[in-house]
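One structure, as structure tokens, below. Some questions next.
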2 protein chains.
Amino acid sequence: MTVTIYDVAREAGVSMATVSRVVNNNPNVKPQTRKKVFEAIERLGYRPNAVARGLASKKTTTVGVVIPDISNAIFAEVARGIEDIANMYHYNIILCNADKKKEKEIRVVNTLLEKQVDGLLFMGGTVTEEHVQAFKTSSVPVVLCATTDEKKEFPSVDIDHEKAAYDAVETLIAKGHRSIAMICGNLQDLSNGYARYQGYKKALENHGIALREEYVRVGNYRYESGMEIMEYFLGLREKPTAVFSATDEMAIGAIHKLQDHGLKVPEDISVISVDNTRMATMVRPQLAAVAQPMYDIGAVSMRLLTKLMKNEKVEDNIVVLPHELIMRNSVQDRS
Amino acid sequence: MTVTIYDVAREAGVSMATVSRVVNNNPNVKPQTRKKVFEAIERLGYRPNAVARGLASKKTTTVGVVIPDISNAIFAEVARGIEDIANMYHYNIILCNADKKKEKEIRVVNTLLEKQVDGLLFMGGTVTEEHVQAFKTSSVPVVLCATTDEKKEFPSVDIDHEKAAYDAVETLIAKGHRSIAMICGNLQDLSNGYARYQGYKKALENHGIALREEYVRVGNYRYESGMEIMEYFLGLREKPTAVFSATDEMAIGAIHKLQDHGLKVPEDISVISVDNTRMATMVRPQLAAVAQPMYDIGAVSMRLLTKLMKNEKVEDNIVVLPHELIMRNSVQDRS
DNA sequence: CTGTTAGCGCGTTCAC
DNA sequence: GTGAACGCGCTAACAG
């Protein structure tokens, strides 16, 4: 039923070794025989079996990607970067959502390894000791993408989340704001939760502004969450004059909550965030944000992985990509 | 170096067939031997090689997904539905972006087939005769997801795009609008381009409203495109009183362009679209839209594919999921 | 319940 | 420049 390399060999009147050479672009084949083989392939509609090839060669040209949630715009953009570079180097991607659930993450890492992927990209989750153990059983390279492990044992590509948050808050301070509230992510979440909160804290500290407990609330990254927390801030006796959100989506929720209350952004309250997803330009006022280069994080981490898979020398295993403040109309001087 | 089923067999003092049985949960193994084998597996850190298994069993428990662009919110949501159901049935997903480029689509279909996927999900592109030919060379089932082929030769899961557009436009008409402009998608694009335009046309026709050439402009699905086209409509001598957009993102661009001109939505101009992405609730005013059940399209198509892969009887190969009008504040009566 | 024996389709020496 | 033969790690009959 299915046509194999052997059928092609017979049809072309050569051995299967020769067919293999032709298919794999091995130069040691006379042009004429090459032609014969190609014709036989065409005639028979032969399609090489990558599974058999993988078994024989111990390479699958496939990499595993574990992602928190592909329907999240941030991760989707990172994934796009990964896929583009993978494609460029002729790798395919096995994509697994793991929802930042440790058990699921470790489970998919194992099934990916069973599938003999040539490399693994672990994206955006918190890396615990258990993760480290799982990664260490891997015989193929692992790259952390949009996250890092505490001990920096593994190659990774990410931004400096704390510094990004720091810069966002400092921007507010430079504009004269002293009452700055923060909409946080989950503090168990090292990168966009804890680290961004730390950046907020340090920026206040370094500028002699006292941290006020009631100015910090933890959200779940969703739009609605931003609205609810903004509602809470508006109920405070001393309202903040500016709000720093750990993510765009919550920031936009906050902006709309303000507008729903008849308040003006940025005249009454300024809003800034970290991320700079496409949505940031799709609100009025447009959202100022510290931009995280999502596509690049994906692309660079995949590029790094290809080098690791080829055993190429890499100078720097831990890459920290730059972030950048994108000023827009949601922030204004506090005069 | 790598530990195989044979090593485990020796360690446990059984044959490799027995190891294979316990690994595959074959009931025909004495509990005690099963235990011995598990211990040996544990001791050796054995991990089954799915590639070898795939070669022997001719099943990879992997399905290929060709997607236009994973960073597009619509497709990402569909992909999430696919992945969830795949995961439920213990399949993994090889994801390939193809940007709606025919050559690339056909190329990835072929590499996916070479990788011996157990099934193929083709998402969101236009299905040409060449696609049909490519699909026909497949020995595994193919399901079209969020698209269909003209001749309905292949199983598919989609909504009725024409009817969805029709319903949106009719809603406007029912509210008293007669000057209704449309921001289209690419007309080569069968589903969200051509079909939605047809729906617009028929709705006008059936209600005795003449189609005006200057009221129809083709966009590229992006926010900016919606803005530009709205700008154009505003330059018309007779401005429309309502705008129907083929997608959310362009609709939101249109809304913001109106607001930038100091016009009010919906007081001055109403806006409605098809899609109902999460963004639709993240604008002010919130965007009325005919909802397309994206997650479900993915989930149902993957479910259908699992049935096909198991050679189960399926009553209906062509499933058309219902759409639904979600009325929000971007539309108002024309009084 | 368990072991033996063939392949699965291909890459890769090693001769010729 | 080309062919023969082996093995990759596992599943699937078939015996026993």
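In what follows, every chain begins at residue 1, and chains take the letters A, B, ... in the order their sequences are listed. Every value quoted in this text rests on a predicted model; they were computed, and no experiment measured them.
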Sole residue of A:Ile297, A:Ile93, A:Asn87, A:Ile67 in side-chain contact (heavy atoms from CB on, under 4.5 Å) with A:Ile82: A:Ile93
Most 5' of A:Arg21 and A:Tyr6 on DNA chain C, judged by nearest nucleotide: A:Tyr6
Heavy-atom contact window of chain A on DNA chain D, given 5' to 3' at under 4.0 Å: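 The contact span of chain A on DNA chain D goes from D:dG1 to D:dG9.
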Any A:Thr306 side-chain heavy atom under 4.5 Å of A:Tyr91 side chain: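 A:Thr306 vs A:Tyr91: side chains touch.
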Heavy atoms of other groups near A:Glu42 CD, more than 12 under 6.0 Å: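 Not buried by this count: 12 neighbours or fewer within 6.0 Å.
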Sequence neighbours excluded - side-chain hydrogen bond (donor to acceptor under 3.5 Å, both in side chains) pairs with any residue from residues 140-154 of chain B: B:Lys136-B:Glu153, B:Thr148-B:Lys152
Along DNA chain C (nearest heavy atom to each residue), the more 5'-positioned of B:Ser57 and B:Lys30: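 By nearest-heavy-atom nucleotide position, the 5'-most residue is B:Lys30.
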For DNA chain C, the residues among residues 31-55 of chain B that have a non-hydrogen atom under 4.0 Å from it: B:Thr33, B:Leu55
A:Lys310, NZ atom: more than 12 neighbouring heavy atoms under 6.0 Å: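 More than 12 within 6.0 Å, yes.
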A:Gln133 atom CD, neighbour heavy-atom count above 12 within 6.0 Å: yes
Interface residues of residues 10-19 of chain B with DNA chain D (non-hydrogen, below 4.0 angstrom): B:Met16, B:Ala17
Taking every non-hydrogen atom, the tightest pair across B:Tyr295 and B:Gly81: CE1-CA, 3.4 Å
Listed partners of A:Asp99 passing salt bridge (charged side-chain N to carboxylate O under 4.0 Å, His left out), at least two apart: A:Lys104, B:Arg80
Polar contact flag, side-chain donor to acceptor under 3.5 angstrom, A:Lys115-B:Thr60: no
Side chain to side chain donor-acceptor pair (under 3.5 Å) partners for B:Ser138, two or more places apart: none
Chain B contact limits on DNA chain C, taken 5' to 3' with a cut-off of 4.0 angstrom to heavy atoms: C:dC1 to C:dG9
Hey, can you pull the donor-acceptor pairs under 3.5 Å for the side chains in residues 51-58 of chain B, sequence neighbours left out?
from, atom 1, to, atom 2, distance (Å)
B:Ser57, OG, B:Arg53, O, 2.8
B:Ser57, OG, B:Lys59, N, 3.3
B:Ser57, OG, B:Lys59, O, 3.4

Non-neighbouring partners of B:Arg21 that pass side chain to side chain donor-acceptor pair (under 3.5 Å), sequence neighbours left out: none
ring-ring contact (aromatic ring centres under 6.0 Å, His included): pairs with one or both residues in residues 10-43 of chain B, sequence neighbours excluded: none
Terminal axis angle for the helix from C:dC1-D:dG16 to C:dC16-D:dG1, five pairs an end, nearest 10 degrees: 30°
Contacts of type side chain to side chain donor-acceptor pair (under 3.5 Å), residue B:Tyr221, not counting sequence neighbours: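 With sequence neighbours excluded, B:Tyr221 shows a side chain to side chain donor-acceptor pair (under 3.5 Å) to B:Asp189, B:Asn192, given in chain and number order.
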Reference residue B:Val19; test side-chain contact (heavy atoms from CB on, under 4.5 Å); the match among B:Asn24, B:Ile5, B:Val29: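 Running side-chain contact (heavy atoms from CB on, under 4.5 Å) over B:Asn24, B:Ile5, B:Val29 with B:Val19 returns exactly one hit, B:Ile5.
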